[in-house]
Q: 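I'd like to ask you about the structure that follows.
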Protein chains: 2
Amino acid sequence: MDSGVKKPGVTSSQVARRAGVSQSAVSRTFTPGASIAPKTRAKVLAAAKELGYRPNAIARSLITNRSRIIAVVMAYLENLFYPDVLEELGRLLVKENYRLLLFTGFIDRNSDPVFDQLMQYRVDGIVLASTSLSSELSEECAAAGIPVVLFNRTTERDAVSSVTTRNREGGRRIGEFLLAGGHKSFGYISGLESSSTNRDRFAGYREALAEAGYDDIIVEVGNYDRAEAEAAARKIFARPDRPEALFVANDHMAVAVMDVARYEFGLAIPQDISIVGYDDVGPARWTSYGITSMTQPIKRMVEATVSILMEQISSGEIEAEHRILNGELVVRTSARLPKTGIVEVDGRRLYKPSKS
Amino acid sequence: MDSGVKKPGVTSSQVARRAGVSQSAVSRTFTPGASIAPKTRAKVLAAAKELGYRPNAIARSLITNRSRIIAVVMAYLENLFYPDVLEELGRLLVKENYRLLLFTGFIDRNSDPVFDQLMQYRVDGIVLASTSLSSELSEECAAAGIPVVLFNRTTERDAVSSVTTRNREGGRRIGEFLLAGGHKSFGYISGLESSSTNRDRFAGYREALAEAGYDDIIVEVGNYDRAEAEAAARKIFARPDRPEALFVANDHMAVAVMDVARYEFGLAIPQDISIVGYDDVGPARWTSYGITSMTQPIKRMVEATVSILMEQISSGEIEAEHRILNGELVVRTSARLPKTGIVEVDGRRLYKPSKS
DNA sequence: AGCATTTTTGCATTCGTATGCAATATGGAT
DNA sequence: ATCCATATTGCATACGAATGCAAAAATGCT
């Protein structure tokens with residue numbers, strides 16, 4: 001009842017004494033590849049087990065100058081895409097013997113406390129999902145030799161790597177799909193206008209439509225937010241020239257838009273309106289929604305992220321690397337089907353037009 | 001290009017030299033409440049800024065024997081309840097100047113590597129959500145003076161605290177609600193049968209029904225899993241004596257069950273069947289589902305969790321504490337309404353029968 | 001100014017582990 | 001048994017910051 005102190009914990013010296021060896025021997029026992037005789041090692045392990053010893057990662061970090069911790073900054077967890085990413089990141093990092101220090105919420109202000117904390121723990125790498133970093137901060141990381149990977153975002157900035165999918169091609173594919181479905185008027189509910197992801201998706205969509213002669217897209221801003229997406233949907237659906245086809249910048253918003261369409265405007269999907277989303281997130285697959293959506297291959301994206309980190313950590317070279325993966329357009333029930341171009345792969349229906 | 005080494009980073013000694021003071025002075029500058037003259041402090045801060053110095057949290061932890069890291073073990077992130085919890089935990093811990101080390105996936109086996117890692121980082125506390133801990137492990141934590149809090153689960157085990165809601169009363173309330181709605185036959189789709197949460201919810205439900213003379217509840221196991229819940233729903237809906245009312249142990253499963261009811265069995269909700277869930281998770285609020293559901297007050301649950309941790313950390317006393325909060329039954333459209341007992345509070349409709 | 005307090009400072013040590021180096025032990029070949 | 005190459009060990013030190021202690025400086029009081 002006195003205290004307020006955590007119990008000290010067993011140290012390598014205590015184990016050493018118990019095993020009748022030096023502290024160095026204990027250290028070497030727990031250092032893979034170190035020079036230690038099997039017999040000594042066994043003695044040490046026995047003593048360690050008796051005392052309940054575990055190497056102190058903090059002390060180790062201090063001397064190796066490696067924390068084996070990766071900071072992950074992630075916000076917007078209400079979009080199931082990100083929890084999925086997080087779970088996969090956790091899995092892979094553990095496999096590489098790294099720990100995941102999570103920062104939720106955004107890094108927005110300039111001299112950010114979150115960033116400070118992150119640097120104080122001397123993390124070995126940083127993953128930024130649904131968040132960016134000011135240029136000063138990213139340069140500071142580069143200067144400190146800490147690799148930074150943007151997840152599902154990209155930037156021109158030096159020394160910051162990124163993992164994305166071909167958002168522009170994705171947007172284009174969606175445009176082509178809707179055109180092939182025979183639609184004649186088009187709308188778009190955008191994500192955050194400042195995000196590269198949103199810009200690219202829209203650019204591709206617009207290109208595809210423009211090539212077919214459709215230059216007027218009805219655009220409203222949803223900012224990747226449910227409530228804003230609902231508001232945007234209401235504006236679009238209330239128009240006399242309501243579009244026949246609507247691309248919503250991600251599924252998280254598309255779900256909300258579909259509810260507005262059906263329950264506030266009495267629209268039948270896809271008879272009255274076709275809706276296409278992006279991410280192929282959990283709810284997109286639920287029967288109530290069945291959203292036709294561009295897939296983002298989370299597993300491969302996370303693999304790429306981790307591999308960039310591992311590579312840069314072990315080489316010490318922080319040269320920006322940009323991995324861009326392919327997605328697929330999964331066809332479900334939220335949009336009218338084109339006559340051709342739909343193929344079935346592993347039980348999923350994809351849109352793969354067979355042009356040159 | 002040679003290297004593979006992280007840049008060493010600025011140390012307190014370098015700052016000290018630059019500022020013309022001792023290393024101690026630098027340390028005291030960054031230690032709140034330490035004895036340092038304002039003038040000296042200013043000099044140090046200036047020098048620190050010039051050099052880009054940040055205290056090394058690792059080195060600090062080593063000597064203070066406090067990592068200011070809380071380990072959070074969480075699985076089952078596809079249930080949006082948990083990402084919500086995680087976000088809130090992150091927010092509160094940062095406010096208390098703690099960091100969040102996340103472990104995804106379950107702790108199942110006995111001598112678990114995850115647990116080892118967690119102990120190696122000398123975390124100051126542990127939060128277990130959607131996961132438990134074997135008795136040996138929890139005792140080991142207690143012995144090491146590390147507080148452990150179970151989130152949304154409980155246990156009889158000494159030295160492990162817990163935060164839950166009144167699941168039994170919740171189940172009972174749901175039973176009463178369905179009875180008041182005039183239903184005559186009842187079903188239950190269970191969560192993990194080993195979880196305290198599931199046991200308590202079902203116990204309360206059964207009690208309420210038994211008191212009204214209904215002893216036969218049709219039960220199928222969903223294990224808190226979407227696919228299993230769908231299978232369970234199919235079994236129940238295919239019965240000739242399909243129940244009029246169905247309590248699904250959480251919303252994550254209830255969503256799946258509703259889709260099966262509507263799209264595979266053509267059932268109208270709530271005309272043909274009433275469905276009630278638990279958690280009041282995001283999708284429960286979406287118009288397509290509108291699930292009548294027992295709320296779990298995430299914010300207050302997280303507050304309780306953090307406050308238990310902070311208290312035990314600062315006192316050094318690891319005495320198991322069990323906080324049990326109240327939930328409310330939010331009434332939406334997935335279940336037939338009783339004639340009385342529905343009140344509106346802050347725009348939400350709640351079921352609050354006015355019995356003694 | 002002189003003395004007593006209080007505040008501020010620097011010194012030296014400590015936390016628990018890793019590692020270069022020199023010393024010692026081991027094994028093999030002769 | 002002797003010698004040499006190799007494997008293993010312990011010693012001593014370093015990592016970066018916090019802190020008890022004593023010395024030094026600043027302040028208050030008469």
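Order of the sequence lines sets the chain letters (A, B, ...), proteins ahead of strands, with each chain counted from 1.
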Q: Just checking A:Tyr53 against A:Phe30, ring centres under 6.0 Å apart?
A: yes
Q: Taking 4.0 angstrom as the limit, do A:Arg300 and A:Glu303 come out as a salt bridge?
A: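 Judged by the 4.0 Å cut-off on N to carboxylate O distance, A:Arg300 and A:Glu303 do not form a salt bridge.
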Q: Do B:Thr165 and B:Gln296 get their side chains close enough for a donor-acceptor pair, meaning under 3.5 Å?
A: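 Yes, because at least one side-chain N or O of B:Thr165 sits under 3.5 Å from a partner of the opposite role on B:Gln296.
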Q: Between the side chains of A:Ser307 and A:Arg323, is a donor N or O closer than 3.5 angstrom to an acceptor N or O?
A: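 Side chains of A:Ser307 and A:Arg323: pair found under 3.5 Å.
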Q: I'd like to compare against my own output: the B/S/- annotation of nucleotides 12-22 of chain C with a strict under-4.0 Å heavy-atom distance to protein.
A: B-BBBBBBB--
Q: Give the rounded distance in Å between these two atoms: NZ of A:Lys43 and C1' of D:dG10.
A: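 Distance, rounded to whole Å: 13 Å.
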Q: By the 4.0 Å heavy-atom rule, please label A:Ile36 as base, sugar-phosphate, or nothing.
A: sugar-phosphate
Q: Would you say the side chains of B:Thr11 and B:Gln23 form a donor-acceptor pair under 3.5 Å?
A: no
